[in-house]
Amino acid sequence: MPHSPSFACRLIAWQKTSGRHGLAWQVSDPYCVWLSEIMLQQTQVATVSAYYPRFLAAFPNVHALAAAAQDEVLALWAGLGYYSRARNLHKAAQQIVSDFGGTFPAERRELETLCGVGRSTAAAIAAFAFKQRETILDGNVKRVLCRVFALDGNPADKAFEQQLWTVAESLLPECADDMPAYTQGLMDLGATVCKRSKPDCPACPMTDICQAKAQNRTAELPRRKVSAAVPEVPLFWLKLTNGKGEILLVKRPQQGIWAGLYCLPCFDDETALHRFAAAWGIAPVHLRADTPVKHRLTHRLLRIAPFAATLPDPHPTPECNGTWVSANALANHGLPKPLARYLAPSNL
DNA sequence: AACACGGGGTC
DNA sequence: GACCCAGTGTT
């Protein structure tokens, strides 16, 4: 196992002089730390910066969040992606109230019982808010460790993953007071110096102990994941407008893509869309085909064919759990990014 | 172990 | 267009 007594010292000193400071969530309040850590999962700092203050203003503490409606939470999360994070955040706020009397626990193990909080996020909260000697292990840290110690393993391999946790734990500083700066340093080093491509080795505090650099292997470590093929999925949207200029939105189920968000009536095939339109008294000839929307997710390529129609007068009113929403009320609803773009191309 | 789950940044 | 990002939960 790699052991480097100087690793933590170097990192802490570097963070204090050259790390990132002044980010809105660099505070010791566990609620703020937790919220930021969830937002930052698989999401870059620049993206989160626009969402974090808005969300915190709406839900300034865990009680406010626990008492909110899921729709309010999702409306503030809309566009950020990975919406299970928002649903779990909401659930976890209620867990904090019900299971912990409204106060965040300081132990990593207890934090891990919260919905949406895995080991790394629990460790980040424990380290930043409670100065616990727990290690994070995110994409940045993995890259730093794989390079500094020339760890050459398959990222999909469970045993290799476990090895990374063990290495990360072995590097923790002895003094608990150093945990916030150390943890921030791990993230900062990976994000600003030990980047995936073109690492800035001359600026790195580990440059003279880095084994990947010594072996001229920074470009090949960490090893890449093997990426799977991304299947294409056709989708059909119906933009139905009533006499008041309102649009029909339907809340999506709690499972699957865009779970819990609001969307236009959405169909797997055109026949199903026609059937739905017919129930509102709209014949296929009155459906206007709009410009197709291509939207890439990590694991799917959505090819969306939007249709538009105006409700005839009079018209039948079929059983429908949708809601009619005016243009200026769209912002109150959590919409998937491509739908927000389609309905209001101006606010990108 | 593999897959589901968004959206954007970067090269 | 490919790869990655302050990952977690399900199967």
Side-chain angles (χ1 to χ4, degrees), chain A residues 19-20 23-26 32-52 74 77-89 91-92 111-125 127-128 135-144 154-162 164-165 168 180 183-192 194-199 219 222-231 233 252-261 263 294-302 334-341 348:
Chain A
R20 292 177 292 188
L23 294 171
W25 46 84
Q26 286 177 329
C32 295
V33 173
W34 168 60
L35 173 60
S36 70
E37 290 300 327
I38 300 296
M39 284 192 167
L40 286 158
Q41 286 171 359
Q42 300 291 286
T43 308
Q44 297 183 345
V45 166
T47 306
V48 168
S49 296
Y51 285 82
Y52 175 83
L74 282 171
W77 201 276
L80 198 52
Y82 281 156
Y83 300 99
S84 66
R85 293 184 295 173
R87 299 194 310 277
N88 284 332
L89 191 80
K91 280 188 228 161
L111 289 163
E112 277 183 67
T113 67
L114 299 172
C115 291
V117 177
R119 178 168 175 185
S120 189
T121 299
I125 301 168
F128 282 131
T135 189
I136 59 168
L137 186 65
D138 57 31
N140 284 325
V141 181
K142 289 175 187 175
R143 188 168 53 254
V144 169
N154 178 355
D157 180 16
K158 202 74 176 178
F160 182 64
E161 178 84 3
Q162 183 52 51
L164 290 173
W165 277 110
T183 305
Q184 188 65 53
L186 279 177
M187 297 170 166
D188 293 350
L189 191 61
T192 68
C194 194
K195 296 171 291 186
R196 179 170 60 92
S197 62
K198 292 201 216 168
R223 268 169 62 177
R224 307 267 191 270
K225 312 185 172 159
V226 288
S227 52
V230 176
V233 177
R252 293 183 61 83
Q254 292 289 315
Q255 300 247 324
I257 290 171
W258 303 325
L261 271 65
C263 193
K294 189 168 82 170
H295 188 72
R296 176 175 289 284
L297 308 179
T298 301
H299 60 304
R300 296 283 185 272
L301 177 59
L302 308 180
L335 307 180
K337 201 69 169 179
L339 178 59
R341 270 195 284 258
L348 229 147

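Quick note: numbers below take in every heavy atom, side chains included, and nothing from hydrogens, waters or symmetry partners. Below, chain A is the first sequence line, B the second, and so on; all start at residue 1. Model, not experiment: these values are computed from the prediction.
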Heavy-atom distance under 4.5 Å between the side chains of A/Asn154 and A/Phe160, does that happen here? no

For the pair made of CG in A/Asp157 and P in B/dA1, what is the distance, rounded to whole Å? 6 Å

Looking at CD of A/Gln41 and CZ of A/Arg85, how far apart are the two atoms once the value is rounded to the nearest 0.5 Å? 6.5 Å

Whichever of A/Lys225 and A/Ser120 has its nearest DNA chain C nucleotide further upstream toward 5': A/Lys225

Measure from CE on A/Met187 to C1' on C/dA6 and round the result to the nearest Å. 4 Å

Nearest whole Å is fine: how far is C/dG9 C1' from A/Arg119 CZ? 17 Å

Rounding to the closest angstrom, what is the interatomic distance between C/dT11 and B/dG6 at atom P? 15 Å

Distance in angstrom units between A/Leu301 CG and C/dA2 P, rounded: 11 Å

When the P atoms of B/dC3 and C/dC3 are considered, how many whole Å apart are they? 16 Å

Near DNA chain C, which residues from residues 137-144 of chain A have a heavy atom under 4.0 Å away? A/Asp138, A/Gly139, A/Asn140, A/Arg143

Measure all distances between protein nitrogen or oxygen atoms and nitrogen or oxygen atoms of nucleotides 3-6 of chain B, and list the pairs falling under 3.5 Å.
residue	atom	partner	partner atom	Å
B/dA4	OP1	A/Arg300	NH2	3.1
B/dC5	OP2	A/His299	NE2	3.1
B/dC5	N3	A/Tyr82	OH	3.3
B/dG6	OP1	A/Tyr82	N	3.4
B/dG6	OP1	A/Tyr83	N	2.8
B/dG6	OP2	A/Trp258	N	2.7
B/dG6	O4'	A/Tyr82	N	2.8
B/dG6	N7	A/Tyr82	OH	3.4
B/dG6	N7	A/Thr298	OG1	2.8
B/dG6	O6	A/Tyr82	OH	2.8
B/dG6	N1	A/Gln42	O	3.1
B/dG6	N2	A/Gln42	O	3.1
B/dG6	N2	A/Thr43	OG1	2.8

What nucleic acid atoms does A/Val45 come within less than 4.0 Å of, heavy atoms only: base, sugar-phosphate, or nothing? base

Do A/Phe128 and A/Cys32 touch side chain to side chain, with heavy atoms closer than 4.5 Å? no

Student check: side-chain heavy atoms of A/Tyr83 and A/Trp258 closer than 4.5 Å: yes

Side-chain (A/Thr183) to main-chain (A/Pro180) donor-acceptor, under 3.5 angstrom: no

So does A/Gly81 get a backbone contact from the side chain of A/Gln42, meaning a donor-acceptor N/O pair under 3.5 Å? no

Across the strands shown, which category fits A/Trp34 at heavy-atom distances under 4.0 angstrom: base, sugar-phosphate, nothing? nothing

Taking the inter-plane angle between the rings of A/Trp25 and A/Tyr52 on a 0 to 90° scale, is it parallel (under 30°), tilted (30 to 60°) or perpendicular (over 60°)? perpendicular

How far does NZ of A/Lys142 sit from SG of A/Cys194, to the nearest 0.5 angstrom? 14.5 Å

Between A/Asn154 (CG) and B/dA1 (C1'), how many Å, whole number? 11 Å

Starting at atom CD of A/Glu161, determine the distance to atom C1' of B/dA1, rounded to an integer number of angstrom. 12 Å

With a 3.5 Å cut-off and heavy atoms only, can you find an N or O donor on one side and an acceptor on the other between the side chain of A/Arg196 and the base of C/dA2? no

Do A/Ser120 side-chain atoms and A/Leu137 backbone N/O form a donor-acceptor pair below 3.5 Å? yes

Just the rounded figure in Å: distance from C1' of C/dG7 to CG of A/Leu114. 15 Å

What's the gap between B/dG9 and C/dT8 when it is taken at their C1' atoms, as a whole Å value? 22 Å

Please state the P separation for the pair C/dA6 and B/dC11 - nearest whole angstrom. 14 Å

C/dT8 C1' sits how many Å from A/Glu37 CD, rounded? 13 Å

What is the distance from atom CG of A/Leu35 to atom CG of A/Leu89, rounded to the nearest 0.5 Å? 6.0 Å

